[in-house]
*Asks:* 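Here it is, the structure in full.
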Amino acid sequence: MKKLTLLLGIIFIVCSANNVNGQLQRRAFLGTQLKEVDSFTAGKHNMKHAKGVLVESVVDGSSAKAMGLEANDLILAVEDVEVNSPNELIARIGRYRAGDKVRVTTIRNGKPIQRVGNLLPLPHETSPFGEVIYDEVPHDGGYIRTIIHKPVGKGQFPALFLIPGYDCSSIDRMHPDNVYKRILDGMVEKGYVIVKTEKAGVGDSKNNRSCAQYNLFDEVDLFSASFNALAKYDFIDHENVYIFGHSMGGVQAPLMKTDFAPRGIAVYGTVIRPWFEYFIEHARMQKIILSQVEDMGWDYLSIEQQHDAAVKFYYRFLVEKQSPAEIFKDEELNAFISKNFRYDGSDIFLGRHYTFWQQLQDTKLFEAWSKSPAHVLSLWGEADFIAFNPWEHELIADVVNEYNPGKAKYIRVPNMDHSFLWVEDQKQSITSRMDWDYIKNNFNSQIIEILAEWIEETKN
């Protein structure tokens, strides 16, 4: 298994002071470099089976250092909750706030040790290109965290408001190789304010429900609240605020209810059709694309057989609005779900509440785009095998131009995949999708130039 190394809590760049507004308490951080435990490492610690997480190094001044953790320690549990991967440990620590006391079960040289300490706050992110402002917006019985990067200088600046993909990852202190960070840093460097919004219960956000429990329209309301809060900043040119929606963000962007109109909406790698249409095409075409690159054990007939089951499942799930748990009772579809999804019988399906996906069937995106007063930029990467249909993206521009002539532009971007990487084609995107060295060194920066050029063309 390829080594997975994640950095938790290391400060990468310290170039500007933070302006922190509001009352949201900072989440905690551990301050370790981690990797998965293999059988060799387990043996060194007198364990029969690989479990826990290995500490590769500890950051000076961190919670881990204060608790006495050292390199080569194994972390088995946090408050008796087992952790068996770096992501599990990060998620578990992310539940705590600065100052919380936590007990960590560790092993050093084969001996179990209980360590107790108060967790320190995660350092705020900084930028070499300007000021970073941490703020908050009321939502769902609590607050959501917003993070704004303001360029150096005085006066008002055009702004770019990010709506990322569907998952529940934090956008706070993103790794330097994260493609969103690269895009947003590039835009700040060019003189644009950038605005990031944490999802419900993610990062510092504190809400009645978690991101996974939100449905689609709940999350659209969350982003709308964050966008509307921009009206209070005097350094933002409110006549030139742009939205950039990537993947699921491109679905959510035209659905937002805003107090003032965005000047433009740019979307990349997204969908306009009802989700049943997209999912059944996805079920066939992505398998065909993958099987042409990797030995998946599929041929056209086996793919079509799987597709027949996919049509039945998605119709019951998206059109008839049955829950996955109900459908799981069907013997044939039980086998299909078990083979294609990691489903545990709960209301969470593909990382979100199952109603999130069902509402995608009823979004009326054609109508939403037809009513948008904004300039629209619809982008499709030629190497995208996730949102693989160029016609989907042309259609967005066509719908906008039908009802608001001249407002939309479609651009087909060569050598770019769904994750904004430079690749030759879909085949290379597939083969390099888990190659971390390739991902680190092949960000396709033309996305920054395309966005900046379009904003300059369309702004007031």
Side-chain angles (χ1 to χ4, degrees), residues 16 18-22 24 124-139 143-153 155-165 169-174 178-200 202-205 211 219-250 252-268 374-375 377 447-448 451-452 454-455 458-460:
S16 66
N18 291 101
N19 179 1
V20 184
N21 296 323
L24 268 181
H124 292 98
E125 66 181 50
T126 58
S127 171
F129 309 117
E131 180 184 5
V132 181
I133 301 167
Y134 279 69
D135 210 339
E136 61 190 34
V137 177
H139 195 263
Y143 293 89
I144 51 174
R145 169 67 75 203
T146 59
I147 305 172
I148 299 171
H149 286 228
K150 174 186 172 295
V152 173
Q156 294 186 320
F157 303 89
L160 185 68
F161 182 95
L162 173 69
I163 308 181
S169 301
S170 174
I171 48 76
D172 189 1
R173 289 182 51 80
M174 294 181 289
N178 183 287
V179 292
Y180 288 145
K181 177 174 173 55
R182 292 185 178 195
I183 292 170
L184 298 178
D185 279 354
M187 295 301 288
V188 177
E189 188 176 13
K190 285 182 175 292
Y192 303 103
V193 172
I194 65 98
V195 182
K196 302 188 294 180
T197 308
E198 290 281 34
K199 295 183 180 181
V202 175
D204 291 343
S205 295
C211 170
E219 196 160 277
V220 170
D221 288 344
L222 179 150
F223 283 115
S224 299
S226 176
F227 183 93
N228 291 334
L230 300 183
K232 69 181 180 181
Y233 299 110
D234 59 7
F235 56 82
I236 290 179
D237 178 356
H238 297 106
E239 292 187 357
N240 290 300
V241 178
Y242 290 78
I243 297 171
F244 178 43
H246 172 228
S247 195
M248 186 62 69
Q252 295 171 317
L255 299 174
M256 290 170 59
K257 306 298 183 185
T258 60
D259 293 340
F260 63 97
R263 180 66 177 172
I265 301 174
V267 296
Y268 180 86
H375 291 273
L377 177 64
I447 185 64
I448 298 170
L451 288 172
W454 171 68
I455 290 174
T458 57
K459 74 178 184 181
N460 277 324

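Keep in mind that the numbers below use all heavy atoms, side chains included, and drop hydrogens, waters and symmetry copies.
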*Asks:* Is there side-chain contact between Arg263 and Glu239, with at least one heavy-atom pair below 4.5 Å?
*Replies:* no

*Asks:* Looking at every non-hydrogen atom in both residues, tell me the closest pair between Ala374 and Pro262 and how far apart they are.
*Replies:* CB-O, 3.5 Å

*Asks:* State whether the number of non-hydrogen atoms from other residues, nucleotides or ligands found under 6.0 Å of Gln156 atom CD is greater than 12.
*Replies:*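 For Gln156, atom CD is crowded (more than 12 foreign heavy atoms under 6.0 Å).
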
*Asks:* Please give me the minimum heavy-atom distance between Gly165 and Tyr180, naming the atom from each residue.
*Replies:*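 Looking at all heavy atoms of both residues, the shortest contact is N-OH, 3.0 Å.
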
*Asks:* Met174 and Leu184: which non-hydrogen atoms are nearest, and at how many Å?
*Replies:* CE-CD1, 4.4 Å

*Asks:* Could you tell me whether the side chain of Tyr242 and the main chain of His375 form a donor-acceptor pair under 3.5 Å?
*Replies:*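 Side chain of Tyr242 to backbone of His375, a donor-acceptor pair under 3.5 Å: no, none is there.
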
*Asks:* Check the pair Glu198, Ile144 against side chain to side chain contact (heavy atoms under 4.5 Å, CB included), reporting the backbone distance first and the verdict last.
*Replies:* CA-CA 6 Å; Glu198 290 281 34; Ile144 51 174; 5.7 Å; no

*Asks:* Closer than 3.5 angstrom, by distance alone: can the side chain of Asp259 be matched with the main-chain N or O of Asn228 as a donor-acceptor pair?
*Replies:*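 Checking the backbone N and O of Asn228 against the side chain of Asp259, no donor-acceptor pair under 3.5 Å is found.
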
*Asks:* Determine, for Lys196 against Glu125, whether the closest basic-nitrogen to carboxylate-oxygen distance falls under 4.0 angstrom.
*Replies:*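 Here Lys196 pairs with Glu125 in a salt bridge, since their nearest N and O are under 4.0 Å apart.
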
*Asks:* Using modelled atom types and a 3.5 Å cut-off, is there a donor and acceptor pairing between side-chain atoms of Ser224 and backbone atoms of Lys257?
*Replies:*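 Yes; at least one donor-acceptor contact below 3.5 Å.
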
*Asks:* In sequence, state the C-alpha distance, the side-chain angles, and the governing distance for Tyr268 and Ile183, and then conclude on side chain to side chain contact (heavy atoms under 4.5 Å, CB included).
*Replies:* CA-CA 13 Å; Tyr268 180 86; Ile183 292 170; over 6 Å; no

*Asks:* Quick check: do Thr458 and Leu377 have side-chain heavy atoms less than 4.5 Å from each other?
*Replies:*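 No - every pair of side-chain heavy atoms lies 4.5 Å or more apart.
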
*Asks:* Taking all non-hydrogen atoms of both residues into account, name the closest pair between Gly250 and Val267 and its distance.
*Replies:*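 Smallest heavy-atom distance, with atoms named: CA-CG1, 3.6 Å.
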
*Asks:* Can you tell me how far the CG atom of Asp185 sits from the CD1 atom of Ile448, to the nearest 0.5 Å?
*Replies:*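 Result: 8.5 Å between the selected atoms.
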
*Asks:* How about Lys190 and Pro151: do any of their side-chain heavy atoms sit closer than 4.5 Å?
*Replies:* no

*Asks:* Nearest 0.5 Å, what's the OG1-CG distance between Thr146 and Leu24?
*Replies:* 9.0 Å

*Asks:* Taking atom OG of Ser127 and atom NZ of Lys150, what is their separation to the nearest 0.5 Å?
*Replies:*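 Rounded to the nearest 0.5 Å, the OG-NZ separation comes out at 11.5 Å.
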
*Asks:* Start with the C-alpha gap between Phe223 and Lys199, add the side-chain angles, then the distance that decides, and say whether side chain to side chain contact (heavy atoms under 4.5 Å, CB included) holds.
*Replies:* CA-CA 8 Å; Phe223 283 115; Lys199 295 183 180 181; 4.0 Å; yes

*Asks:* Would you please test Tyr233 and Val193 for side chain to side chain contact (heavy atoms under 4.5 Å, CB included) and show each step?
*Replies:* CA-CA 11 Å; Tyr233 299 110; Val193 172; over 6 Å; no

*Asks:* Side-chain contact, heavy-atom cut-off 4.5 Å: Met187 with Ile455?
*Replies:*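 Answer yes - side chains close enough.
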
*Asks:* Are the side chains of Met256 and Phe161 in touch, meaning some heavy atoms are under 4.5 Å apart?
*Replies:*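 Sidechains of Phe161 and Met256: in contact.
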
*Asks:* Minimum heavy-atom separation for Ile265 to Ala253, with atom names?
*Replies:* CG2-CB, 3.8 Å

*Asks:* Does any non-hydrogen side-chain atom of Phe129 lie less than 4.5 Å from one of Ile194?
*Replies:*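 No. Closest side-chain heavy atoms not under 4.5 Å.
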
*Asks:* Do the side chains of Asp172 and Ile147 get nearer than 4.5 Å, heavy atoms only?
*Replies:* yes

*Asks:* Write down the atom of Val202, the atom of Cys211, and the distance for their closest heavy-atom approach.
*Replies:* CG2-CB, 3.8 Å

*Asks:* Using only atom types and a distance under 3.5 Å, with no angle test, would you say the side chain of Arg145 pairs donor to acceptor with the backbone of Asp135?
*Replies:*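 Checked: pair present.
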
*Asks:* Is it the case that the side chains of Tyr134 and Asp204 hold a donor-acceptor pair, with the cut-off being a distance below 3.5 Å and no angle test?
*Replies:* no

*Asks:* Between atom CD1 of Ile243 and atom CD of Gln252, what is the distance when rounded to the nearest 0.5 Å?
*Replies:* 11.0 Å

*Asks:* Please say whether more than 12 non-hydrogen atoms of neighbouring residues, nucleotides or ligands are located less than 6.0 Å from CZ in Phe157.
*Replies:*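 Correct, the count exceeds 12.
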
